[in-house]
Number of protein chains: 2
Amino acid sequence: MSWKERCEYMSKQRKLPLYVQIKNKLVNNIKEGVWQPGEAIPSESQLIEQYNVSRTTIRQAVQDLVQKNVLETRRGAPTRVREEPQVELGNPGIMHHELGTNMEVKVLRFEKLKEHYHAKYQLKLEEEAEVYLLERLRIADGRPIAFQQLFLPLSIGEKVKEFSYKDFDIFPKLGQHNIHYTNIQEVVSASNATQYEADLLGIVPGEALTDIERTTVGIDSMPIEYSRTKYLPNAFHYRVEIGK
Amino acid sequence: MSWKERCEYMSKQRKLPLYVQIKNKLVNNIKEGVWQPGEAIPSESQLIEQYNVSRTTIRQAVQDLVQKNVLETRRGAPTRVREEPQVELGNPGIMHHELGTNMEVKVLRFEKLKEHYHAKYQLKLEEEAEVYLLERLRIADGRPIAFQQLFLPLSIGEKVKEFSYKDFDIFPKLGQHNIHYTNIQEVVSASNATQYEADLLGIVPGEALTDIERTTVGIDSMPIEYSRTKYLPNAFHYRVEIGK
DNA sequence: AAGTGGTCTAGACCACTCA
DNA sequence: GAGTGGTCTAGACCACTTG
């Protein structure tokens, strides 16, 4: 394909760079489960032929996804789809430690909302879009220790429905639906319990709560989830170890 | 330079890929202040000539550093060294971000203590040992935003004396005394402001504070520092990024 | 030994910034 | 309009993994 042909093709098609288009196609194949986690994807030379582009272009797409921890390359061996970092929220160095033995979850609400603009903004959704709101309590040995509000795009909310009353951590189950995250951002802070929160947690209003705001992003760089969780400080440790 | 010449050159020189060698040279120029933060570095074509390599090689070096937030590129404009505070706590993924522009430190106390057993336990000191207690306020744009108690073994306390009123982060200066850490553990939580803390921070008692407990361990596996810092939640972000 | 990803070259057109 | 970084091609040799 000559340069002029390619330019015409691209201007008709899209203004996205070729390597981005290919990156998107690769991501789609993973999202749709064509290539399962742990499996090898076609070799670079196969991809070159399939998409009719140069090796540089393929490499740029692949390298971008390696950078994002979606793919995994080894010299001499096929490129593979990454297995999820299965350690729940457990990157080495970051520990969410809930104190207690018998852990339960209680769902307070699970409904569609039209009006929560902050959540929609965090989820990068349109103004008119709806979101799911899942409100839950985390219970340890019969005592409530955390209150969580979890916002989800509609498509993901549908899948969460089934197990939200059983699992506090939704990511392993989402992985089974081929929804994988590449990135989680958490901001840890403190806030005073509102009347509502205090009633739920069995404390008095104004008590300090460990306040965790989380945004999770999928392999296509679109947010999967935005949540806010408020823990009783003495029932939860947010521990970070920084090595050197 | 022909291919065979290059290969001989590389095998004699080093086994590092060319683009890594160049990346190192770029980093050195930044470390040594040849290119100051915010300044432009030479253009790609200049670097091509200077190092006698192809554009791909230069680009790979530069792009790697862009990825690491060391350089910053803009289409059509020169590539610049990032202004960023290069190391937050020296670890990718964890950011202590204080909101404000004019940052100051105010020392409240700096004295030897005999009686603080919790601190001595954390520092793994003998029961009879003394520790230094450094109490400080962090001030942003004239407003106090954090209260810190910092416990140090005697030998280290002596060295901290000199600069504790200037630098809130003591590790860089300790590094100059050849005291280096290998490990930092932080537990982030929430607590209600005491009367004393509230007075210092200009809030009312009971308000929620982001409470960070930190233990720092040196190369010899002995604790260097144990501290507790309480931030106004709206003046400080404890941000963690997982994955990527 | 065949095939894979890692590195590198030389040269091209483009979109953008800046003086 | 000159120069910069962004994208892309076509082809090469290398180090490594695997059957």
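We name chains A, B, ... by the order of the sequence lines, and we start the count at 1 in each one. Computed from a prediction, not measured in an experiment: that's the story for all the values here.
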[atom1] of [X] versus [atom2] of [N]: gap in Å, rounded?
X	N	atom1	atom2	result
Glu49(B)	dG3(D)	CD	C1'	15 Å
Leu65(A)	dG5(C)	CG	P	14 Å
Leu26(A)	dG5(C)	CG	P	12 Å
Ile48(A)	dA10(D)	CD1	P	10 Å
Arg80(A)	dG5(C)	CZ	P	11 Å
Gln63(B)	dT7(D)	CD	P	8 Å
Leu71(B)	dG5(D)	CG	C1'	13 Å
Arg75(A)	dC13(D)	CZ	C1'	12 Å

So, using side chain to side chain donor-acceptor pair (under 3.5 Å) as the criterion, who are the partners of [X] when residues are at least two apart?
X	answer
Ser189(A)	none
Thr56(B)	none
Glu135(A)	Arg109(A), Gln149(A), Tyr196(A)

Residue met sooner reading DNA chain C from 5', once Gln60(B) and Arg55(B) are mapped to nucleotides: Gln60(B)
Any residue of residues 38-46 of chain B with a heavy atom less than 4.0 Å from an atom of DNA chain D: Ser43(B), Glu44(B), Ser45(B)
Closest to the Pro17(A) side chain: dT7(D), dG6(D), dT7(C)? dT7(D)
Considering just the side-chain nitrogens and oxygens of [X], establish if one lies under 4.0 Å of OP1 or OP2 belonging to [N].
X	N	answer
Thr73(B)	dG6(D)	yes
Thr56(A)	dT9(D)	no
Ser54(B)	dA10(C)	no
Thr57(B)	dT7(C)	no

Checking Lys230(A) against Phe147(A): charged group under 6.0 Å from the ring centre and within 45 degrees of the axis? no
Who pairs with Asp141(B) by salt bridge (Lys or Arg N to Asp or Glu O under 4.0 Å), at least two apart in sequence or on another chain? none
Mapping Pro78(A) and Val20(A) to their closest nucleotides on DNA chain D, which lands nearer the 5' end? Val20(A)
In short, salt bridge (Lys or Arg N to Asp or Glu O under 4.0 Å) pairs touching residues 56-66 of chain A with sequence neighbours left out are Lys23(A)-Asp64(A), Glu44(A)-Arg59(A)
Tell me whether the side-chain N or O atoms of Arg59(A) pair up with the base of dT7(C) as donor and acceptor below 3.5 Å, since no angle test is needed here. no
Answer with yes or no whether Arg74(A) presents, from its side chain, a donor or acceptor under 3.5 Å of a partner atom in the base of dG6(C). no
Kindly check if the number of other-residue, nucleotide or ligand heavy atoms within 6.0 Å of OH (Tyr121(A)) is above 12? no
Give a yes or no on this: more than 12 heavy atoms of other residues, nucleotides or ligands lie within 6.0 Å of atom CD of Gln36(B). yes
Taking any heavy-atom pair under 4.0 Å as a contact, classify Glu72(B): base, sugar-phosphate, or nothing. nothing
